[in-house]
2 protein chains.
Amino acid sequence: MRASDRAYAALREDIIEWRLRPGTLLAEVEQSERLGVSRTPLREALGRLTSEGLTTAASGRGVVVTDISLEDIDELFELRETLEGRAAALAAERGDPRHFLQLHRELLAAPALLSGDDPARHGYYRLVERLDAAIDAAISNAYMAQAMGSLRVHLVRIRRLAADDTARLTAAASEHAVIAEAIAARNPRLAQAATTVHLHRSLSHVKATHTPHEKERHG
Amino acid sequence: MRASDRAYAALREDIIEWRLRPGTLLAEVEQSERLGVSRTPLREALGRLTSEGLTTAASGRGVVVTDISLEDIDELFELRETLEGRAAALAAERGDPRHFLQLHRELLAAPALLSGDDPARHGYYRLVERLDAAIDAAISNAYMAQAMGSLRVHLVRIRRLAADDTARLTAAASEHAVIAEAIAARNPRLAQAATTVHLHRSLSHVKATHTPHEKERHG
DNA sequence: AAGCCAATCCTTGTATACAGTGGAGTTCGA
DNA sequence: TCGAACTCCACTGTATACAAGGATTGGCTT
């Protein structure tokens, strides 16, 4: 694996996992020494992060980790509703019903994944990722897939802000199940509506859990 | 201006203007000599182009100019309809009607821009860009603006494929005028519908003019 | 004392040298 | 004659040295 890939992956995970908090200045020499690569591949990694929006170029000082506020979350979900709503509708038109029926069944059984001893909820999130991937594959539109992919980077970052308690994840699983069912039934309008409902409930949850911490300072 | 910016701008324009055709291999030394910069800034430029999708990394050989086929155009317009349709609706909800009324008036007068001696249609395209910018500003959503911006890069590239004759541009101007009027009237559904109509007619025109040349080879 | 200017330092931006890997071409064997 | 393997070359990937620019801090002036 290339050194620039390692630096990119390490920095990306540090930002997503909030080990590098918004506003943190990433100086080239500092980070290159920390990650054990030279400045050249590190610069490439920073360039990729900046193009994704995870970092912002600060003229003359370096790059800083991009801030993500409540306003950003509203904007992010507005775009998300636009893209994922349409994606669900297109998947309903084009997808293989059997595939989504299978995902529907697994999503109905998701509470079992949440009750077990899996604090990081890997099993659950993996199932949701499979639904996303199935929708991506069904619509077979590279441009749309790329647009949604660049969105998901920021969403994973937000996930860390929300207290994803078992109650919310159980509800989310059933919302996902409705989406999968609508796609399997080849009902585009229902699939889009179910996606809209799910996203609004997710957003409400994030804002409800995050607002109390709003006053804490960062930097 | 930085050398990497110059290299980026030069390569980007070469690709958009079809001076560098799809499939062309961009070797680092070759391009760095041609553009008069060293390999380091050139690599940064290539990285940016690749993240935008204008070039694709070919393992071990370098980067090649991304192909853009008729299928791509369908996919591109599918995403475009999703994003721009929603953007028009949001602009109708949030924009300043006076601003869009002004654009509406100018778009009605657009045929005058097309009849004059301006072979590159700069005046016309500038007016359309102002409408795009006004919609962007009205929705005030950085994520959505970025998504639409990355789309427009590819659209400019396609524009070169279509024979933008005066007849089509005159029709397009009147379609744009309808969109501006709907936004000014604060009618989101009409704005979205007008955008859908406009994009479908644009797509039909592109496909009608491009299909005859489909068989020509490139590389 | 406050504001402005200048100088210095730290930072990014660029060039180039070097290493490693992948590909293509050629040659040998079946 | 065709296929496969090996070798060589060219290209990318990385490191480092150097240059240039901006920001910050100190001193000077008002």
Side-chain angles (χ1 to χ4, degrees), chain A residues 1-15 19-67 146 149 153 217-219, chain B residues 1-15 19-67 146 149 153 217-219:
Chain A
M1 181 182 260
R2 296 182 299 177
S4 62
D5 290 335
R6 281 187 288 120
Y8 167 75
L11 284 170
R12 190 175 187 271
E13 191 175 318
D14 283 342
I15 293 171
R19 289 191 289 265
L20 290 172
R21 306 195 57 181
T24 306
L25 177 68
L26 303 179
E28 290 180 5
V29 281
E30 169 197 16
Q31 293 300 315
S32 67
E33 286 171 3
R34 181 174 78 90
L35 299 173
V37 300
S38 86
R39 276 182 61 214
T40 305
L42 186 101
R43 277 176 70 87
E44 187 182 317
L46 290 178
R48 277 204 263 174
L49 293 169
T50 301
S51 79
E52 283 182 288
L54 287 176
T55 56
T56 308
S59 169
R61 283 200 310 277
V63 307
V64 295
V65 178
T66 305
D67 188 33
Q146 190 203 5
V153 183
R217 67 189 325 158
H218 55 258
Chain B
M1 186 182 256
R2 295 182 299 175
S4 62
D5 289 336
R6 280 187 289 119
Y8 167 76
L11 284 170
R12 189 176 187 272
E13 191 175 320
D14 282 341
I15 293 172
R19 289 190 289 266
L20 290 173
R21 305 195 59 181
T24 306
L25 177 68
L26 303 179
E28 292 181 3
V29 279
E30 169 198 16
Q31 293 300 317
S32 66
E33 285 171 4
R34 182 174 77 91
L35 299 173
V37 300
S38 86
R39 277 182 60 215
T40 306
L42 185 101
R43 278 177 69 87
E44 188 182 317
L46 289 179
R48 276 204 262 174
L49 292 169
T50 300
S51 79
E52 283 181 287
L54 287 177
T55 56
T56 308
S59 168
R61 284 200 308 277
V63 306
V64 296
V65 178
T66 305
D67 188 33
Q146 190 204 3
V153 183
R217 68 190 321 159
H218 55 258

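The sequence lines fix the lettering, A, B, ..., with proteins before strands; numbering per chain opens at 1. Given the structure is predicted, the values throughout are model-derived calculations rather than measurements.
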Fill in: Those residues that, when tested against B:Ser51, pass side chain to side chain donor-acceptor pair (under 3.5 Å) (two or more places apart)
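Side chain to side chain donor-acceptor pair (under 3.5 Å) check on B:Ser51 returns nothing, list empty.
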Item to complete: Carefully, step by step, assess A:Thr66 and A:Thr55 under the rule side chain to side chain donor-acceptor pair (under 3.5 Å).
Response: CA-CA 5 Å; A:Thr66 305; A:Thr55 56; 5.5 Å; no
What's the [atom1]-[atom2] distance between [X] and [N], to the nearest Å?
X: B:Arg6; N: C:dA15; atom1: CZ; atom2: C1'; answer: 13 Å
X: B:Glu28; N: D:dT14; atom1: CD; atom2: C1'; answer: 12 Å
X: A:Leu46; N: C:dG13; atom1: CG; atom2: C1'; answer: 14 Å
X: B:Glu44; N: C:dT12; atom1: CD; atom2: P; answer: 13 Å
X: B:Asp5; N: D:dG21; atom1: CG; atom2: P; answer: 14 Å
X: A:Arg61; N: D:dA23; atom1: CZ; atom2: P; answer: 7 Å

Fill in: Under 3.5 Å donor-acceptor, A:Ser32 side chain and A:Arg39 backbone
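Answer holds: no.
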Practice prompt. Report yes or no: does B:Thr50 contribute a side-chain atom to a donor-acceptor pair with the main-chain N or O of B:Leu46 at less than 3.5 Å?
Written response: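 Present.
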Item to complete: Return no unless some side-chain N or O of A:Arg2 is found under 4.0 Å from OP1 or OP2 of D:dG13.
Response: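 Yes, within the criterion.
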Worksheet item: Hey, does the side chain of B:Ser4 come within less than 4.0 Å of C:dT14's phosphate (OP1/OP2), counting only N and O?
Response: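 Affirmative; the distance criterion is met.
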Item to complete: Could you list by number each residue of residues 32-43 of chain A showing a heavy-atom separation from DNA chain C of less than 4.0 Å, or answer none if no residue does?
Response: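 A:Arg39, A:Arg43, in order of number.
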Fill in: CA sep, side-chain torsions, deciding dist, call: A:Leu35, A:Arg6, side chain to side chain contact (heavy atoms under 4.5 Å, CB included)
CA-CA 9 Å; A:Leu35 299 173; A:Arg6 281 187 288 120; over 6 Å; no
Practice prompt. Please determine if A:Arg21 and A:Asp14 form a salt bridge, counting it only when a charged side-chain N lies under 4.0 Å from a carboxylate O.
Written response: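 A:Asp14 and A:Arg21: not salt-bridged.
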Worksheet entry | Closest-nucleotide 5' rank along DNA chain D - winner of A:Ser59 and A:Met1 |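 Checking each residue's closest nucleotide, the 5'-ward one belongs to A:Met1.
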